[in-house]
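Atoms within a ligand are numbered from 1 in the order they appear, just like the ligands themselves. Owing to the predicted nature of the structure, the values given are computational and were not obtained by experimental measurement.
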Amino acid sequence: MKVGIIGAGSVGSATAFALIMRGVARKVVLIDANEQRAMAEAMDIAHATPFAYANKVKCGTYKDLEGAEVVIVTAGANQKPGETRIDLLGRNVKIFESIIPQIVAAAPNTTLLITANPADIMTEVALKLSGFPRERVIGSGTVLDTSRFRTLLGYYLGVSPKSIHANVLGEHGDSEVVVWSNGDAGTVQIEELAKMIGKPFTPEIKAEIDSNVRNAAYKIIDGKGATFYGIAGALCRICQAITTNEYAILTVSSHHDDVEGVKDVCLSLPTVVGKRGVHSVIYPKFSAEESKLLRESAEKIKEYSDQALEIISKKA
Ligand code: NAD
């Protein structure tokens, strides 16, 4: 199966590498405004294929997306010093206005997987610009944040992060909700498990884990300028769920009619993902505090999404 990637920068190239090395895609097409960059990344990754799977990675044009099951959109501007979030949004909407119609024309049956930031808002923008049904426009959402949470819990509890079912929901960003109340490992609620093994989660430890999840991107960007391996792993996992029709539950972002009273908003909830994209969404029980935080997160996304949609409708 074919996966297209728009934007062959740090995230796009790391994702292509992950897809190829894990054998998730038979063919990866890298497209970038900087053709030389796309060509160089494709060439470099292709030279690793003899050590993994005999799959193909090439640079290309939008026409080469024909038949792609998934098209990942990583192309997006990053915030410049002194630039407001809305200025950035305006620039990213402009980029999406040029990219999305070209994807739709070349691959009308594909599933869009949006990761450019601000990810939930850009997922809403892609939904509007593509005209696709909502189940075929997915944001990477908090799949990465959830994996950060599970990694930290796994280290603390001394169990594999793969055996932990605990999620980060809401916005992929500062208002994300780290959900403690319904996380479990081995069918035991995580806080109960921590007590059982003699390492209870004190308020200080919970605050530290919460902060390390929420502020991970800032720390990584301080150290190396960008984050890309974690998100590449997350994007590869989402693609695998789609291409194998797995019905995996992942905290992707998609459009919801109502989240805690906020109407028509894209954010992350536990979602069953398969060949049709979003198959169904699971709405968990939250503590009163988590419900409040989720509502605040939804309100924040909604405010910016409305502004982004207004930019589009003014031009229409
Ligand atoms: P980058 O600057 O390394 O790469 C972006 C690429 O997009 C560049 O190669 C650029 O040439 C290309 N591009 C720009 N406009 C284009 C257009 N109109 N058509 C085709 N290509 C175009 O950036 P990056 O580090 O790869 O990050 C990409 C995006 O992903 C950013 O918005 C970043 O904030 C976001 N991101 C999201 C997550 C997440 O969890 N959702 C994690 C990391 C990064």
Among all protein non-hydrogen atoms, which one is nearest to atom 37 (C) of ligand 1, and what is the separation to 0.1 Å? T115 O, 3.0 Å
Modelled atom types, side-chain donor and acceptor of E135 and H279, under 3.5 Å: no
Which residue and non-hydrogen atom of the protein lie closest to atom 23 (O) of ligand 1, and at what distance in Å? N78 ND2, 4.0 Å
With rounding to the nearest 0.5 Å, note down the distance linking SG in C239 to CZ in R22. 10.5 Å
Heavy-atom contacts under 4.0 Å between R37 and ligand 1: side chain, backbone, both, or neither? neither
Heavy-atom pairs closer than 4.0 Å: do any link ligand 1 to the side chain of L144, the backbone, both, or neither? side chain
Could you tell me whether the side chains of N167 and R150 share a donor-acceptor contact shorter than 3.5 Å? yes
Can you confirm whether the side chains of D174 and Y218 place a donor and an acceptor under 3.5 Å from each other? yes
Please report which non-hydrogen protein atom sits nearest to atom 24 (P) of ligand 1, along with the residue it belongs to and the distance in Å to one decimal place. V11 CG2, 3.8 Å
Interatomic distance, OG1@T271 vs CD1@I249, rounded to 0.5 Å, equals 9.0 Å
Numbering the atoms of ligand 1 from 1, which are under 4.0 Å from a heavy atom of A75? 7 (O), 13 (N), 16 (C), 21 (N), 22 (C)
Suppose we measure from atom 29 (C) of ligand 1 to each protein heavy atom; which comes out shortest, and what is that distance? T74 O, 3.1 Å
Counting only heavy atoms, which portion of I95 has something under 4.0 Å from ligand 1: side chain, backbone, both, or neither? side chain
Check this for me - ligand 1, Y62, N or O atoms closer than 3.5 angstrom, yes or no? no
Starting from atom 25 (O) of ligand 1, what is the nearest protein heavy atom, named by residue and atom, and what distance separates them? S10 CB, 3.6 Å
Please assess R37 against D32 for the test salt bridge (Lys or Arg N to Asp or Glu O under 4.0 Å), listing each intermediate value before the final yes or no. CA-CA 7 Å; R37 171 80 189 253; D32 199 290; over 6 Å; no
Can you tell me which portion of I231 lies within the under-4.0 Å heavy-atom range of ligand 1? Options are side chain, backbone, both, or neither. side chain
Nearest non-hydrogen protein atom, atom 21 (N) of ligand 1: A33 N, 3.1 Å
Can you see which heavy atom on V137 is nearest to which on A126, and at what distance? CG1-CB, 4.1 Å
Indicate whether any N or O donor in one side chain lies under 3.5 Å from an N or O acceptor in the other, for S175 and E171. yes
I'd like to know whether CZ of R26 has more than 12 heavy-atom contacts from other residues, nucleotides or ligands below 6.0 angstrom. no
Measure the distance from atom 39 (C) of ligand 1 to every protein heavy atom, then report the residue, atom name and distance (to 0.1 Å) of the closest one. H172 NE2, 3.3 Å
Working to the nearest 0.5 Å, report the span between CG of L127 and CD1 of I138. 11.5 Å
Any N/O pair D32/ligand 1 closer than 3.5 Å: yes
Interfacing atoms of ligand 1 (cut-off 4.0 Å, heavy-atom, S140): 41 (N)
Mark up the atoms of ligand 1 that fall under 4.0 Å of a heavy atom belonging to G7, in ascending order. 7 (O)
No-hydrogen, no-angle side-chain donor-acceptor test under 3.5 Å, S253 and D120: yes
Which of the atoms in ligand 1, numbered in the order shown and given with their element, are less than 4.0 Å from a heavy-atom of G9? 3 (O), 4 (O), 6 (C), 9 (O), 26 (O)
Just to confirm my output: which protein heavy-atom neighbour is closest to atom 34 (O) of ligand 1, and how far is it? N117 ND2, 2.9 Å
The atoms of ligand 1 lying under 4.0 Å from a heavy atom of T227, numbered in the order shown, are 42 (C), 43 (C)
